[in-house]
Amino acid sequence: MDFELSDDERSLADGMRRLCEGRFPMERVRAGEGRRALDTEGWSALAEAGVFSLRLADEEGGADLGTAAAAVVFEELGRALVPGPLAATHAAAGLVKGAATGDRPVGLLRRTPPVPGDPRPVLVGDLGSLGALLVVADDGVELVEPDAVGGAPVEGGLDPLTPLWRLEAVPRGTPVGDGPVAEALWRDFLVVEAAFLVGMAAVTSEMAVGYAKVRRQFDRPIGSFQAVKHMCADMLVRAETARAAVHAAAVTVDQPDVGDAVRAAHGAALLAAQAAEANARACIQVHGGMGFTWEVPAHLYLKRAIVLWRALGPATRLADVVAERF
Amino acid sequence: MDFELSDDERSLADGMRRLCEGRFPMERVRAGEGRRALDTEGWSALAEAGVFSLRLADEEGGADLGTAAAAVVFEELGRALVPGPLAATHAAAGLVKGAATGDRPVGLLRRTPPVPGDPRPVLVGDLGSLGALLVVADDGVELVEPDAVGGAPVEGGLDPLTPLWRLEAVPRGTPVGDGPVAEALWRDFLVVEAAFLVGMAAVTSEMAVGYAKVRRQFDRPIGSFQAVKHMCADMLVRAETARAAVHAAAVTVDQPDVGDAVRAAHGAALLAAQAAEANARACIQVHGGMGFTWEVPAHLYLKRAIVLWRALGPATRLADVVAERF
Amino acid sequence: MDLRYTDAEEAFRAELRAWLAEVVPTLGPRPALTDWPARRAYDTSWQGMLYDAGYAGIDWPVEGGGRGASPVEQLVYLEELERAHAPYVGVNFVGLLHAGPTIAVEGTPEQRARFLPPILKGEQVWCQGFSEPDAGSDLAALRTRAVRDGDEYVVTGSKIWTSHAEVADLCELLVRTGEEGSRHSGITWLAMEMDRPGIEIRPLETIGRSTEFAELFLDGVRVPVGNRVGEENDGWRVTMVTLSFERGTAFVGELLQSMEELRRIRSLARRVGLWDDPEVRHRTGQLGAELDALWALTRRNVSQAARTGVPGLGGSVFKLAFSELRQRLATLGLELLGSAGLAWDELEATDGSGPIGNTRLLEQWIGSFSRTIAAGTSQIQRNIVAERILGLPKG
Amino acid sequence: MDLRYTDAEEAFRAELRAWLAEVVPTLGPRPALTDWPARRAYDTSWQGMLYDAGYAGIDWPVEGGGRGASPVEQLVYLEELERAHAPYVGVNFVGLLHAGPTIAVEGTPEQRARFLPPILKGEQVWCQGFSEPDAGSDLAALRTRAVRDGDEYVVTGSKIWTSHAEVADLCELLVRTGEEGSRHSGITWLAMEMDRPGIEIRPLETIGRSTEFAELFLDGVRVPVGNRVGEENDGWRVTMVTLSFERGTAFVGELLQSMEELRRIRSLARRVGLWDDPEVRHRTGQLGAELDALWALTRRNVSQAARTGVPGLGGSVFKLAFSELRQRLATLGLELLGSAGLAWDELEATDGSGPIGNTRLLEQWIGSFSRTIAAGTSQIQRNIVAERILGLPKG
C-alpha cells in the first residue's frame, strides 16, 4: 500500500500544470468571459494531451492509464479553471465515438422526475458546442443528438465562464448502456469532476494564504492575526481531506477490491464541492473588499463551484448514497 | 415602545438574583448532585418569593405581573441553575390548584404518538416529588395524578442535578383545558423555560470571559488571542440575540396585538436552547483541560441545557412551528 | 418592557402612512441599477418630496433643519417606508446619514448654512472618501496627503470603495495633515467639491458586475480651508462623533426586507414541491426565529438609544449576527432554486404561475458576500464586541 | 497511488489475524473503567501476550527490542486489532508510545537495557508528567523545579492530566533545571519511580465522572541523576524527538471505531423509525463521507511516513478534522436518542429487540468534548497548520 502519488502521477501532474500555465493562464481564461461557444483551439490541445482518452486502452487510442491518473489531471484543470464539458467528455470517452479525441464534446444530464412548477432543466454547458448529449437514468444511458433537443441559450449565467442552456424537452435517445454502465459512467463523472473541484479548493486556499502574507493592516501582515490564520488553516484542512477522498475514490475505481467505488465517488464529490464552495467564500473574506471585486478571480472559483455542483446533484442526494452504502 | 427593562423589572431581577445568591449559591446547588427528591426548603422559598404565582391576579394570591416579569425572574433562576420543575409549575399556576403556592409541584409532558422500538418516555424531573402531572396534547390538557403513573426512577441521569423517571404508561387523566388552553400552557412553558436557558447561556459566556481574562499562557491572558476572543464574542452574540427573542416572546404573550406569541415562543425556545448548549460547549473549550473536569461547573450548564431541551421537543419541531407561522 | 407604541408614536405612524399611500403610487418605475444619472435624479427627487412633506432628516436635530424625531419615531419611519415599498435613501445616503450629521455638530454656522439645506432638499449628493487601498480595516493608516498652501489644502492620494462618486457633488474626505505615521492624531476632515480639477473617478466592478463602488485618484486637488470641518488634525474625532448618531436603526430596512425574502423563499419551496422536505422547513424556521430575534434586538437597541441618548454597542452584536444570517438566508434561496439558480434572467414556472424569482434570489446571494466585509469585517466586529463590551485585552 | 497491500503486508496481516482469532476469544471480560488495578492487570497481561507472540513494540526499532515494522505494517496491525476487538493499548500507552521510544533513541545503553524490556513485556507501566496547572498549551512555561543534590535531583512542583498515575511504576517527567524563564532551554527529562517518597496523587474527576486523570504533587522527590535521559537542560529536544515517531497512525483505532459508531447510529435510526427523516440520512451520509476521507488521509499520512521516514504535518490536519467530526458524530447519536439519551443506564427497545445502546452513545458524547482540547487544542492545531505548513507569520 502506497497512497502517495507515484512518480508517473507526479510527472503527469507537472506536465498538465505546465500545459495549463501555457495554454490557460488566468488572463486567457478570463478573456473568454461571456463567450458561449467552446474555445476549440484550447479544447483540441487538451484532447491532444490525452485529457479525454487517457483511460482508454492503447488500441483505442488511449494511454491505458487509470482513474487515479485522471484525477491528477483534472485537479490541474480545476486549478486553472479551464472551461468546457471536460468531465463529461472524459467520462464518456469509452461510450461515445469521437469523445476520446475531443471531436465530439459530450454533455451529461441526469433524468430526474419533473417537478410541477419547477422551471425547465438547465444544461450546464453550451448545447450548440456539443457533439452528443448523454442522458443518465438509474436503468441506463441514452445518447441524444443535440440537434434533437429543444432549448435556448440562457442570457447571462451565474458563472461568466460557463454557458448554460435552458432545455424545453429532452427526447428519448439511443440506448448506449444498461444500469451498471449508467452507474459506472456517473461514478467516473463524479470522481473527475470532484478532482476538478479539489484543484479549485486548493487554489483559493493558496490565494488566501498568499494574500494574507503580503496584505498589511495595523502594521502587520493580516496572516499574523489568528482570525485570518485559522481561516486559512481550515481552508487547508478542507482541501486536503477532500483531496484524499477524491484520490481514494479514483484508486477504488481502478482497484475495486479495496472498497466501494460508488460510495467513495459520491462522498468525494460531496466533500470536494463543499470544499470548493467554502474555500472560495473564505478566499473572498480574507481578501476583504478586494475579494468582492470582479478583478480578483476569487468569485470565479465560487461561481464555478456552484455551477459544477448543480450538475452533480444536491448535497442531500450525494449524502444519501453514502449513508445507504456506508 | 420601550423594550428596555422597566425599573420594576430591573428591581425584580435584582431581588431574584439576591435571593438566588443567598439560597442557591453554586456550592449549595452542587450539594444536591445525585439527589432525587425536591429540596423542599429551597422550593418553598421560591414559592414564597412568588416565582410560581407572580402572573396570577391579586385575588388569586398572585402579584398580577406579566410574562415579561416571569421571564426576568426565570433568567435569574437559570443563571443559578436552580433545580426542580420550575417552569412547568409556573406555567400551570392558573390551571392546577396548589401549583401557585408551590404545594403541588407540577410536571409537564407532551403526549406524542408512540414510536415502535422507541424506549419508554422519560420524564424530566422526579415523579415522586410531583403533586400533579399535566399531559399536553394539541386538543387539550389532562391532569394525571402522579400515583396513577407507572414508572421507575432512572439510576443516573445525564444531569446530576435533574432526576429522571422512566414511565411505563401514562393513563388518561382529568381534562383541565381545551385546545387553546393547551396551546397557551405550552407557549408559556416554552417562554419561561427559554428565559431559564438564556440565563444559563449568559453565565457560561461570563465564565468563559472571566477565565480568559485571568488564565495566562505564552505570557499573555488567553483572552488576548483572537481565537479565544472571537469565541467569546460569538457567545455574547448568541446570548444577547436569544435574550431579545425571549423577552419579545414574553411581552408578546402579555400584549397579543404586537405579534404572534406562539411563533415567538417557539422561536425563542429554539434560540435559547441552542445558545445554552453552544455557550456551554464553548465555555468548556475556553477552559481547556479544566473545562473537562467535574469541578468546573461548565458541564452542569451543558447537561442541564440538553435535559431541558429534550422537554421542549426537538429543534425540528420548534423550527417547524416558526416556519409555518412566519 | 413594552412593545406597544404610544399614542403619539401611532399618530406619527398614521400620518406618515397616509402620506406614503398617497405619494408612493405616483412615483415612476425605478431606474436600472447601472444608470447612475437616472438613479441620482430619482433618489434626489424623492428626497425633495420628503423635504416638502417635512420628513427630510428625520433623525437630524431641529436646529440642523431636521425633524428631530425620537429613535422610536425613526424606527417607525423606517418601518413605514419599507411597508410602503417607498424608495431607499439611495444616493442621499452619505449626505443624510454621515456628512450631514457631522457638519450639523462639528461645522461652523456658515458651513451648516451652506451644506445642510441642499442635503435635506435633495439638491446636493455626497460621497465618502475614507478608505484607501492600504487603509481598510485599519482606517487610521490612511495616507492621502493634504498640504496647506495659503487658503487651500492641496490633496494627493487615492480613495477606494466610494459609492456613486460619479454623480456626487461633494465628498467627505479624510486626509493626512499630520506627519507620516501620526495615525489618528494627524487626520483632517474636508468637504471636497467633486468638480475640482485633479479628481479622477474609476469605477470598480463588483462580483455581481455592478459598479456600486469607485476608486478616486486625487492629484493636487485644491480644497479651500473653509471646507475643513473641525480643526486640522482633529478629523478622527470629528468622524467618530458621527457614529454616535447611530441609534440602532442602521439595518431596519434590510432586516424587514430579509423577513419578506424568507416568506418568498417559503412560497418558492411550496411552489416547487420542496416544502415537504423537513430540512427545508427546519432551515426556514431557524432563519425565521433568528430574524424575529434580530427584530427584537433592533427594538432593544433603539430603546436603549432612546433612553440614554447615545448608541449602545449593540450595533456590533447585531451586525455580526445579521450579516452571517443574510448569507445563510441567501444560500437557502439559491439551493432551493437548484439549477434554475444558475440563470440571471428571470425564469417562469412550468405550471403557468409566473416568474419564480430567481434573479432576485441570485442578486441577494451575490450581494450577501459583502455583508461580512463592508462597514467593518466580521473579524473586526468580533474584536469590538470582545474588547469594548466584554473587556477582553487587546492582543 | 496504490491502495492494495503488498503480498508481504498481506502475509503479515494473515498471520496476525490468525493469532488474534485464536487468543482474543480466550480473554476475560474487560474490567470496569474505574477499577484501575484491574485495568492494569488486564492491559499488562495483554501486553505480555503480544510480547510472547512477537508483536510488542510493533513500531519500535529492532535494536530497542521491537518488531521494527514498517508504517504500513503498523497500520495493518492497528486495523487488525480493531477488527478483532482486541484490547486497547490502555495503561501501556505512555511506555509504548512515548517514554519507550524516547529512551530507545536518547537513552544510554544502560537505560535502554533497564527500561525498555519491562515496557515491552508489560511488566512496568509508565505515566506522563508533562503538563502543569499553569503550563498547558504553553508547555515550555513549566515550573516544576529539579535541583541537583549530589547524585540526585530534588524535584518539587505539580503536574496535571497524568493518566493512570495510581497504577504506574514510572513517570516520564519534565522538570525545570534552568533559570526561571529559561523556557525551552532549561528543561530536563527524568524517569521518576512512582514509589519514591514525596509523591502525592490526587485523582481528577472528568465531566463523565471517570477518574481518567490525576494531579501529581511532588514535594522534594529524589530522582537519581542516572534516571536522566539526555543532557541536563536538553529535555525539550529529547521530548520532541519522540514526536518524530508519529507516523500518522495515532488515531487509527479511534477512527475505525467511529466508523462502527456511525453504523450503529444508522441502525438505531432504523429501529426507532427515524431513517425516513431526510435530515438524519443527510447527516449520516455527510459524516460517512468525512470518515471515509479521513481514512484516506490516514493512509496518505502513513504512506508519506513510509517514504520519507519522518512524519508529515498531516497529523495536525487530521486531528483538527477528526476531533470536530467526533463531536458532530456524538451529537447526532445523542439527538437521535431523544429523551432516551438522558439516561446513563441501558434502555431496552419497546419492541423487544434489546438494548438501544444509549449508554455507549452517551459516553461517546461526553468523551467528545475533550477531543478538541487534549493533545493540543484545536486552536493550537490551527496555529501549527497555519505557521508550519502554510508559512503564515507568527503573531
Side-chain angles (χ1 to χ4, degrees), chain B residues 1-6 9 66 68 71-72 205-206 209 212-213 220-221 223-226 228-230 232-238 240-252 254-255 257-259 263-264 266-271 274 315-316 318-326, chain C residues 1-6 9 72 75-76 259 262-263 266 269 275 278-304 306-308 314 316-318 320-322 324 378-379 381-387 389-395:
Chain B
M1 197 279 289
D2 180 6
F3 192 44
E4 277 281 71
L5 271 68
S6 68
E9 284 158 352
V72 161
S205 161
E206 293 160 19
V209 169
K213 284 180 184 170
R220 297 160 53 178
S224 69
F225 291 104
Q226 276 190 334
V228 174
K229 188 178 279 192
H230 290 188
C232 291
D234 288 339
M235 292 173 83
L236 184 81
V237 170
R238 278 191 291 264
E240 285 301 309
T241 43
R243 190 163 183 257
V246 170
H247 286 179
V251 173
T252 308
D254 296 333
Q255 304 172 350
D257 46 328
V258 303
R263 159 177 145 193
H266 283 78
L270 177 63
L271 298 190
Q274 287 170 336
T316 37
L318 296 169
D320 262 4
V321 173
V322 178
E324 288 295 345
R325 301 175 81 114
F326 194 80
Chain C
M1 293 182 279
D2 194 342
L3 287 174
R4 290 166 308 195
Y5 292 89
T6 62
E9 286 157 1
V72 176
L75 179 70
V76 169
M259 291 172 129
L262 185 64
R263 284 186 204 102
R266 178 176 60 185
W275 194 241
E279 201 157 355
V280 170
R281 284 204 312 276
H282 186 184
R283 288 167 76 184
T284 304
Q286 177 76 40
L287 290 165
E290 291 176 36
L291 286 165
D292 279 345
L294 289 180
W295 179 230
L297 193 60
T298 297
R299 287 174 293 175
R300 167 136 303 158
N301 289 343
V302 167
S303 300
Q304 222 163 60
R307 283 208 188 184
T308 61
S316 284
V317 171
F318 181 93
L320 262 176
F322 185 50
E324 191 266 337
S378 289
Q379 286 71 36
Q381 300 292 346
R382 285 194 186 92
N383 279 353
I384 292 174
V385 169
E387 292 167 10
I389 305 184
L390 300 176
L392 286 166
K394 300 209 169 199

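Note that the structure is predicted; figures quoted are calculated from it, not measured.
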Could you tell me which portion of Asp254(B) (side chain, backbone, both or neither) has an atom closer than 4.5 angstrom to a non-hydrogen atom of chain C? neither
Among Thr284(C), Leu262(C), Leu320(C), which has the most heavy-atom pairs under 4.5 Å with chain B? Leu262(C)
Answer with side chain, backbone, both or neither: which region of Glu9(C) has an atom nearer than 4.5 Å to a non-hydrogen atom of chain B? side chain
Please classify the contact between Val72(B) and chain C as side chain, backbone, both or neither, with a heavy-atom cut-off of under 4.5 Å. side chain
Say you draw a straight line from OG1 of Thr316(B) to NE2 of His282(C); how long is it, rounded to the nearest 0.5 Å? 6.0 Å
Look at His247(B), Glu206(B), Arg220(B) and state which one has the largest set of heavy-atom pairs under 4.5 Å with chain C. His247(B)
Which one wins on heavy-atom pair count under 4.5 Å against chain B: Gly288(C), Pro278(C), Gly285(C), Ala306(C)? Gly285(C)
Proximity breakdown for Trp295(C) and chain B, heavy-atom pairs closer than 4.5 Å: neither
So what's closer than 4.5 Å to chain C heavy atoms on Arg238(B): side chain, backbone, both or neither? neither
Atom group of Asn301(C) that falls short of 4.5 Å from chain B, counting heavy atoms: neither
Applying a strict 4.5 Å limit to non-hydrogen atoms, the region of Arg266(C) in contact with chain B is side chain
If one checks every heavy atom of Gln274(B) against chain C at 4.5 Å, the contacting part turns out to be side chain
Sort Phe326(B) into side chain, backbone, both or neither according to what part of it lies under 4.5 angstrom from a heavy atom of chain C. both
Which value, rounded to the nearest 0.5 Å, describes the distance between Asp2(B) atom CG and Gln304(C) atom CD? 10.5 Å
Looking only at heavy atoms, what is the nearest atom pair of Ala71(B) and Val246(B), with distance? CB-CG1, 4.5 Å
Checking Leu287(C) against chain B: side chain, backbone, both or neither under 4.5 Å from a heavy atom? neither
Heavy-atom pair count under 4.5 Å with chain C, highest-scoring of Gly223(B), Ala245(B), Gly267(B), Ala248(B): Gly223(B)
Minimum heavy-atom separation for Ser303(C) and Met1(B), please, with both atom names. OG-SD, 3.7 Å
Residue selection (most heavy-atom pairs with chain B, distance under 4.5 Å) from Val385(C), Leu75(C), Asn383(C): Asn383(C)
Chain B shares the most heavy-atom pairs under 4.5 Å, among Gln381(C), Arg307(C), Glu387(C), with Arg307(C)
What residue in Leu3(C), Leu297(C), Ile384(C), Val317(C) has the most heavy-atom pairs under 4.5 Å with chain B? Leu3(C)
With a 4.5 angstrom heavy-atom cut-off, is it the side chain or the backbone of Leu271(B) that approaches chain C, or both, or neither? side chain
As an exercise, state the distance from CG of Leu270(B) to CG of Asp292(C), rounded to the nearest 0.5 Å. 11.0 Å
Counting heavy-atom pairs under 4.5 Å with chain C, which one of Gln226(B), Glu324(B), Arg243(B) comes out on top? Glu324(B)
Measure Glu279(C) against the heavy atoms of chain B and call it side chain, backbone, both or neither at under 4.5 Å. neither
Which heavy-atom pair separates Phe3(B) from Met1(C) by the least distance, and what is that distance? O-CG, 3.7 Å
Toward chain C, the part of Glu240(B) with a non-hydrogen atom under 4.5 Å: both
Separation between CG (Asp2(C)) and OG (Ser6(B)), nearest 0.5 Å, reads 9.5 Å
Can you find a pair of side-chain heavy atoms, one from Gln286(C) and one from Val322(B), that are under 4.5 Å apart? no
For Ala315(B), is it the side chain, the backbone, both or neither that has a heavy atom under 4.5 Å from a heavy atom of chain C? both
Are any of the side-chain heavy atoms of Cys232(B) and Lys229(B) separated by less than 4.5 Å? no
Under 4.5 Å from any heavy atom of chain B, what part of Leu294(C) do you find: side chain, backbone, both or neither? side chain
Which portion of Gln255(B) sits near chain C, non-hydrogen atoms under 4.5 angstrom: side chain
For Asp257(B), is there an ion pair with Arg4(C) - N to carboxylate O distance below 4.0 angstrom? no
I'd like to know whether Val321(B) forms a side chain to side chain contact (heavy atoms under 4.5 Å, CB included) with Arg263(B), so could you lay out the CA-CA distance, the side-chain angles of the two residues, the decisive distance to 0.1 Å, and finally the verdict. CA-CA 7 Å; Val321(B) 173; Arg263(B) 159 177 145 193; 5.7 Å; no
Largest heavy-atom contact set with chain B, pairs under 4.5 Å, which of Arg300(C), Glu290(C), Gln379(C), Met259(C): Arg300(C)
